[in-house]
Protein chains: 2
Amino acid sequence: MTLDDRKKKILLAIIKTYLETGEPVGSRTISKIEGLSLSSATIRNEMADLVEMGYIIQPHTSAGRIPSDKGYRFYVDQLMAEKEEDIAERERHTDEMQSMLVEKADKMERLLQQVARSLSANTNYAAMISAPRYNVNRLKFIQLSRMEENRIVAVIVLEGNMIKNQIIDIEEPIDDETLLALNMLLNTTLNGMAIEDINLSIISKMKQKAGEQAGIISEVIDAVAASIREDDEDLEIYTSGANNIFKYPELADNEKASGIISAFEEKKQLTDLVYETLSHSDERGIQVYIGEESPVENMKDCSVVTATYELDEGIHGTIGIIGPKRMDYDKVLSTIKNLTAELDKMFKKN
Amino acid sequence: MTLDDRKKKILLAIIKTYLETGEPVGSRTISKIEGLSLSSATIRNEMADLVEMGYIIQPHTSAGRIPSDKGYRFYVDQLMAEKEEDIAERERHTDEMQSMLVEKADKMERLLQQVARSLSANTNYAAMISAPRYNVNRLKFIQLSRMEENRIVAVIVLEGNMIKNQIIDIEEPIDDETLLALNMLLNTTLNGMAIEDINLSIISKMKQKAGEQAGIISEVIDAVAASIREDDEDLEIYTSGANNIFKYPELADNEKASGIISAFEEKKQLTDLVYETLSHSDERGIQVYIGEESPVENMKDCSVVTATYELDEGIHGTIGIIGPKRMDYDKVLSTIKNLTAELDKMFKKN
DNA sequence: TGTTAGCACTCGACTCGTTAGAGTGCTAAC
DNA sequence: GTTAGCACTCTAACGAGTCGAGTGCTAACA
């Protein structure tokens with residue numbers, strides 16, 4: 001059986017109606033709404049086919065139909081194809097976006113938290129945003145300072161003004177002069193380098209140059225590397241509106257809600273989601289996971305829409321919206337598309 | 001009517017039974033369990049009195065009784081008085097605590113997250129822990145470094161090795177020498193001072209010393225002060241096990257759960273809780289808020305147990321456990337008491 | 001051959017009455 | 001002051017009955 005044009009139209013009508021009402025839709029409803037005027041009986045026949053083909057489901061014999069994951073997938077693909085063509089799309093939604101007003105914040109964390117909040121408030125779904133990923137980032141500046149007798153603090157500034165600190169305990173005290181020299185050495189050698197490119201050969205070269213301070217320099221470099229790597233593991237993630245899930249009965253029962261909440265709290269699973277997204281990001285950067293498609297176990301009953309934004313050349317972060325499968329994909333896609341654009345613009349300007 | 005000895009015994013029996021079963025307890029149950037052997041009819045009479053006095057509630061005419069907030073309050077006060085006397089208490093529970101094993105973490109944040117996790121896992125309630133409060137803290141070390149032409153980064157280390165960063169944009173470029181001088185000036189003047197004690201007179205004295213750099217120094221000091229103050233507003237708080245609330249049906253309905261979850265996510269309300277706790281901490285440092293007593297609006301249906309721990313002289317943080325009113329107060333109090341002791345010990349050693 | 005009207009059928013949601021059981025409150029006796 | 005006894009109350013659980021939405025099928029129609 002093939003999905004001919006009429007079937008497509010009916011399927012889309014069913015899904016759209018369901019998205020609006022949240023209740024199983026019957027043949028009568030479709031026959032009335034539809035442009036192509038067909039009787040409910042005809043619709044029923046087609047619906048039976050669609051069930052057989054797996055696009056829709058009937059919860060029980062005498063109920064209407066609801067979209068299956070496959071049905072949603074069809075709808076979303078359709079939607080995204082449309083958007084692709086419709087370049088003026090962005091304009092059309094611009095006015096809505098005004099209200100999103102991401103206040104400019106001096107601190108990155110503030111900004112990200114702000115974004116998450118505004119996303120969840122605008123969409124009525126749960127939202128998350130990850131801080132830009134460091135390990136594709138470049139070192140901008142390193143500063144070692146003595147804090148105590150044999151304890152120094154390393155301040156590491158990355159491109160994009162991400163700052164990280166690391167306290168380093170050193171074996172033997174270090175004098176001011178050496179410290180200064182070390183600072184010089186570190187900065188001249190490492191500035192502008194991508195973290196991943198700092199390899200053994202460079203380190204050994206530095207050790208050579210450091211001469212008698214070789215011991216200390218390796219201690220310091222190890223600590224710096226560890227600090228960056230460690231942070232990479234547990235990515236900073238900001239969330240907002242997790243409680244929005246209670247607005248959707250199909251997610252609000254104890255077990256499901258508990259799973260989703262714990263995913264939001266533990267962050268671990270969100271981190272996985274971010275990595276998944278970053279590794280699969282296509283040209284548009286937007287991805288939609290429907291139900292079982294979700295890479296996060298606890299979100300198998302949700303739909304997850306993610307997008308990447310660009311802080312700077314090659315430095316990406318991830319935005320995510322988590323809601324029920326019957327989410328307003330159209331609105332979410334527009335919102336998220338505009339937001340990433342806005343973020344990109346903001347960062348580029350900086 | 002007075003709460004005589006027999007009434008007390010009956011009340012305690014009712015509460016204990018309710019804590020175990022979670023269901024309204026009837027006169028028959030008490031008459032059987034109780035050491036003082038009285039018939040159910042007698043118990044009934046006493047129970048009627050207890051209802052009148054407000055210690056217990058009957059959900060409806062032909063149901064058993066459940067404790068009221070006032071009843072819980074009586075129980076908890078009793079319990080805490082007992083504990084006070086029983087100094088060997090701590091020993092008795094020590095073995096349970098072994099399993100809590102707070103792994104030593106190098107980073108404070110890791111440690112705190114760890115503690116929260118272990119608390120929630122051990123108690124089956126939701127747990128939170130706040131990072132130690134800064135504003136009673138002392139400056140240990142300030143380091144200004146030039147990052148770009150007219151942008152410097154200030155690294156502020158506080159007693160207890162809390163590190164904060166602040167990027168400062170300055171009007172006009174600053175040369176190395178001036179920067180060095182500024183660093184000297186800042187450190188010699190401010191080191192060891194409590195943040196709150198940095199007042200106008202000190203600042204103006206510094207400006208005087210700075211001479212022509214007066215402009216820059218006030219910029220810097222303002223920025224430093226702002227950085228510390230700002231961070232004080234949104235205290236770092238780590239949470240774990242928020243989804244535990246779903247284990248208790250009386251908290252798991254949509255509305256209540258949503259409120260609690262949002263309190264956990266937004267952190268704002270937890271921050272209030274921390275301040276409330278810190279300002280009211282008595283000699284023991286442990287506080288129990290039952291139902292309506294809670295300073296957090298969204299937790300009026302919960303009980304909240306908080307305690308302060310000491311990072312260093314005068315630097316406190318707060319631990320909190322949030323659960324249903326029928327929580328196992330005995331266990332929670334023991335757990336939290338041991339944990340704070342453990343934390344205190346760990347920090348003192350450092 | 002595709003479309004449609006008509007109709008019997010299905011099934012969940014809701015209502016209502018019944019029952020069982022737990023627990024009370026009161027009274028009268030000890 | 002305590003207790004046995006008993007009528008009473010209220011909820012939870014169950015089942016029967018009803019309603020309505022929606023289906024699936026059949027037969028007629030274009």
Side-chain angles (χ1 to χ4, degrees), chain A residues 1-11 13-18 20-68 71 249-250 252-253, chain B residues 1-11 13-15 17-18 20-68 71 249-250 253:
Chain A
M1 208 177 321
T2 90
L3 195 65
D4 60 33
D5 213 50
R6 196 171 72 177
K7 281 195 174 56
K8 280 187 190 172
K9 275 188 183 156
I10 292 175
L11 177 54
I14 293 172
I15 296 178
K16 271 181 192 149
T17 315
Y18 182 70
E20 280 165 22
T21 65
E23 281 175 2
V25 348
S27 53
R28 224 179 105 80
T29 319
I30 297 301
S31 77
K32 288 207 167 164
I33 292 177
E34 204 46 10
L36 59 142
S37 41
L38 291 169
S39 79
S40 61
T42 313
I43 305 284
R44 274 204 291 284
N45 284 328
E46 296 288 40
M47 280 168 116
D49 290 351
L50 286 170
V51 168
E52 202 177 321
M53 294 164 79
Y55 287 103
I56 52 181
I57 293 171
Q58 51 186 159
H60 55 265
T61 319
S62 77
R65 310 297 212 282
I66 61 174
S68 67
E250 66 266 45
D253 76 285
Chain B
M1 207 180 316
T2 90
L3 195 65
D4 60 33
D5 213 52
R6 196 170 74 175
K7 281 195 174 56
K8 280 187 191 172
K9 275 188 183 155
I10 293 174
L11 177 54
I14 293 172
I15 297 177
T17 314
Y18 183 70
E20 280 166 22
T21 65
E23 283 176 359
V25 349
S27 54
R28 223 179 107 80
T29 319
I30 297 301
S31 77
K32 287 207 167 165
I33 289 177
E34 203 46 11
L36 59 143
S37 39
L38 291 170
S39 77
S40 63
T42 312
I43 304 285
R44 274 204 291 285
N45 284 328
E46 296 288 41
M47 280 168 116
D49 289 350
L50 286 170
V51 168
E52 202 177 322
M53 294 163 78
Y55 288 103
I56 51 181
I57 293 170
Q58 50 187 160
H60 56 265
T61 321
S62 77
R65 310 300 213 282
I66 61 174
S68 67
E250 67 266 44
D253 76 286

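Throughout, protein chains are lettered first and strands after them, A, B, ... in sequence-line order, and every chain is numbered starting at 1.
- Taking 4.5 Å as the limit, every side-chain heavy atom of B:I57 sits out of range of all side-chain heavy atoms of B:R65.
- Atom-to-atom, CZ of B:R6 to P of D:dG1 comes out at 10 Å; the value is rounded to the nearest Å.
- The environment of A:K7 atom NZ is dense: over 12 non-hydrogen atoms of other residues, nucleotides or ligands sit within 6.0 angstrom.
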Checklist outcome for this item: Its contact letters, B for base, S for sugar-phosphate only and - for none at protein heavy atoms under 4.0 Å, make nucleotides 13-30 of chain D read --------BSBBB-----
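- Heavy-atom neighbours of B:E23 CD from other residues, nucleotides or ligands within 6.0 Å: at or below the threshold of 12.
- Here the closest heavy-atom approach between residue A:S31 and residue A:I43 is recorded as CB-CG1, 4.0 Å.
- Rounded to whole Å, atom P of D:dT11 lies 14 Å from atom CD1 of B:I66.
- Using N1 to N3 plus N6-O4 or O6-N4 for Watson-Crick, or N1-O2 and O6-N3 for G-U wobble, each under 3.5 Å, D:dC29 pairs with C:dG2.
- Look at NE2 on B:H60: it is 19 Å from P on D:dC8, rounded to the nearest Å.
- Remark: D:dT9 base-pairs with C:dA22; criterion is Watson-Crick or G-U wobble with both hydrogen-bond distances under 3.5 Å.
- Nucleotide D:dT2 holds its C1' atom 14 Å from the NZ atom of B:K7, rounded to whole Å.
- Using Watson-Crick or G-U wobble geometry with both donor-acceptor distances under 3.5 Å, C:dA28 finds its partner in D:dT3.
- At least one donor-acceptor pair closer than 3.5 Å links the side chain of A:S68 to the backbone N or O of A:Y55.
- Looking only at distances, no side-chain donor or acceptor of A:T29 sits under 3.5 Å from a matching main-chain atom of A:V25.
- Atom CD of A:E46 is separated from atom C1' of C:dT3 by 11 Å (rounded to the nearest Å).
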